[in-house]
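Presented below is the structure to which this report refers.
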Number of protein chains: 2
Amino acid sequence: MAAQKSAQPAPSSTRRSEKSRRAIYGAALALVGEVGYPRTTIEGIAARAGVGKQTIYRWWSSKADVLLEAFLDLSEQASRDAGPEYEFAIPDTGDLAADLKAVLRLTVDQLKDPRFEIPSRALAAEGVVNEQLGRVFVTKLLEPSLMLYVDRVRAAQEAGQVRPEVDPRIALELWVSPLAQRWLQHTGPISYEYTDTLVDYALYGIAPRTR
Amino acid sequence: MAAQKSAQPAPSSTRRSEKSRRAIYGAALALVGEVGYPRTTIEGIAARAGVGKQTIYRWWSSKADVLLEAFLDLSEQASRDAGPEYEFAIPDTGDLAADLKAVLRLTVDQLKDPRFEIPSRALAAEGVVNEQLGRVFVTKLLEPSLMLYVDRVRAAQEAGQVRPEVDPRIALELWVSPLAQRWLQHTGPISYEYTDTLVDYALYGIAPRTR
DNA sequence: ACATCGAGACGAACCGTCTCGTTTCATTCA
DNA sequence: TGAATGAAACGAGACGGTTCGTCTCGATGT
């Protein structure tokens, strides 16, 4: 379960200090939350963690890389805390619209949780400009969540609630992307009413229903 | 037409050197294109523009601010080049789906134009993390384009092609946001087929059409 | 034993501020 | 009209401060 290995680091060794690793994660997340991403420095993280700078440079390639792993660790920890065998998934009550609305409401709450907001904003921003990091961010954090929607949409297709020729991977973007963009770029407010509306539009379209 | 005034700067005066301003815009855009945003520095811009650092600090508050105005200037210039009285708008042939698909295809092309890609990526990224700049970016660049969709959707509503209770500002996000997210976060490929599909899903929904 | 550890010195790069003379330009006055 | 004037912006770059990433140090711990 543990041991994320990044691309380049891998100097070698099992002598690595677990205590330092955790202290670095904690310091990085704390600093980003307190002073923001741009003013979070490697030197600051090292000092706060009570660690030599070399210990950071030995195992990570950049500030963004440290924060990415710290955030991945936080996410894993959070999902472990949510229950030992609780696997997050989208409910299937048979009513696709209701299920999607329920999950999106949870997402809205999570997007507003300050514990997640600043680090994920920082990572998303870095990913926009740094394609390599962006791909890791998307692959490890975003894509797994999106696949849950793919599964749920496929189930709905089998239940005849979604047209069979619809591509689930594109369909999910009809509600995920608008929410993501409003959050990321501050292009509009985020509310339960908003996400409910998105689901309705996505399912039934904006054209008149009786053609 | 000229004279963008930023929020704070305003030291005073009409003695401002137009030549320096343009040289700074050019240097900023060139550097961002060549070495990327993070390695573009104020000192670098000043040197490249043949300008003293103070001249930059006098008129702009940050690297992001310089680049934002440079990009705004580039956009204005581009739309002037596109024709003296050519006002960009969404066509209205009476066929909403076709009109949207046509405009989105143009957008796809533009998103892949390297002249725009790197600076707008950099600005979008900065806007994610820097809310103040983000709002200017959204207000001055993004929102005006989105309003064109609002107008077109409203026309479609009057023509009975879109349900009257639909909120046009939310409707447009069904095709704009997915495209924006794929581009910004590299979450998927961008193609004409993709945007065509988005329009179809948005207009008619993903649920079976005959209920 | 030996690689990693905490600590911090080191030069380089930029930061943002601050003088320098120099240039530019609106105003003043011949 | 058209030279002289003076204030503000200008190019250049020195300056101290911060952070970078690299590099020694013993000390630690496995």
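Quick note: numbers below take in every heavy atom, side chains included, and nothing from hydrogens, waters or symmetry partners. Chain identifiers are assigned alphabetically (A, B, ...) following the order of the sequence lines, protein sequences preceding nucleic acid strands; residue numbering begins at 1 within each chain.
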Please find the pair of heavy atoms, one from [X] and one from [Y], that lie closest to each other, and give the distance.
| X | Y | result |
| --- | --- | --- |
| Arg152(A) | Asp99(A) | NH2-OD2, 2.8 Å |
| Leu123(B) | Ala64(B) | CD2-O, 4.0 Å |
| Pro91(B) | Val103(B) | CD-CG2, 3.5 Å |

Are side-chain heavy atoms of Ile206(B) and Leu174(A) found at a separation under 4.5 Å?
-> yes

Looking at side-chain heavy atoms only, is the closest gap between Asp196(A) and Arg105(A) below 4.5 Å?
-> yes

Nearest nucleotide by nearest heavy atom, which residue falls closer to the 5' end of DNA chain C, Lys63(B) or Ser17(A)?
-> Ser17(A)

Integer-rounded Å distance: [N] [atom2] and [X] [atom1]:
| X | N | atom1 | atom2 | value |
| --- | --- | --- | --- | --- |
| Ile56(A) | dC23(D) | CD1 | C1' | 16 Å |
| Arg21(A) | dT4(C) | CZ | C1' | 15 Å |
| Trp59(B) | dG16(C) | CH2 | P | 19 Å |
| Lys19(B) | dG11(D) | NZ | P | 9 Å |
| Tyr57(B) | dT19(C) | OH | C1' | 16 Å |
| Glu18(A) | dG6(C) | CD | P | 13 Å |
| Trp60(A) | dT4(C) | CH2 | P | 14 Å |

d(Ile45(B) CD1, Glu43(B) CD) to nearest 0.5 Å is 11.0 Å

Please tell me if [X] has a side-chain N or O lying less than 4.0 Å from either OP1 or OP2 of [N].
| X | N | answer |
| --- | --- | --- |
| Thr14(B) | dC25(C) | no |
| Ser20(B) | dA9(D) | no |
| Arg58(A) | dC5(C) | yes |

Using 4.0 Å as the upper bound for N to carboxylate O, is an ion pair formed by Lys101(B) and Glu193(B)?
-> no

Any chance you could lay out the side chain to side chain donor-acceptor pair (under 3.5 Å) test for Asp109(A) and Tyr192(A), step after step, and finish with the verdict?
-> CA-CA 9 Å; Asp109(A) 293 338; Tyr192(A) 291 170; 2.8 Å; yes

Residues touching DNA chain D, which here means a heavy atom under 4.0 Å, drawn from residues 37-54 of chain B = Gly50(B), Val51(B), Gly52(B), Lys53(B)

Look at the side chain of Thr139(A) and the backbone N and O of Val136(A), then say whether any donor-acceptor pair between them is shorter than 3.5 Å.
-> no

Distances under 3.5 Å between nitrogen or oxygen atoms of protein and nucleotides 6-8 of chain D:
| from | atom 1 | to | atom 2 | distance (Å) |
| --- | --- | --- | --- | --- |
| dA7(D) | N3 | Arg15(B) | NH2 | 2.3 |

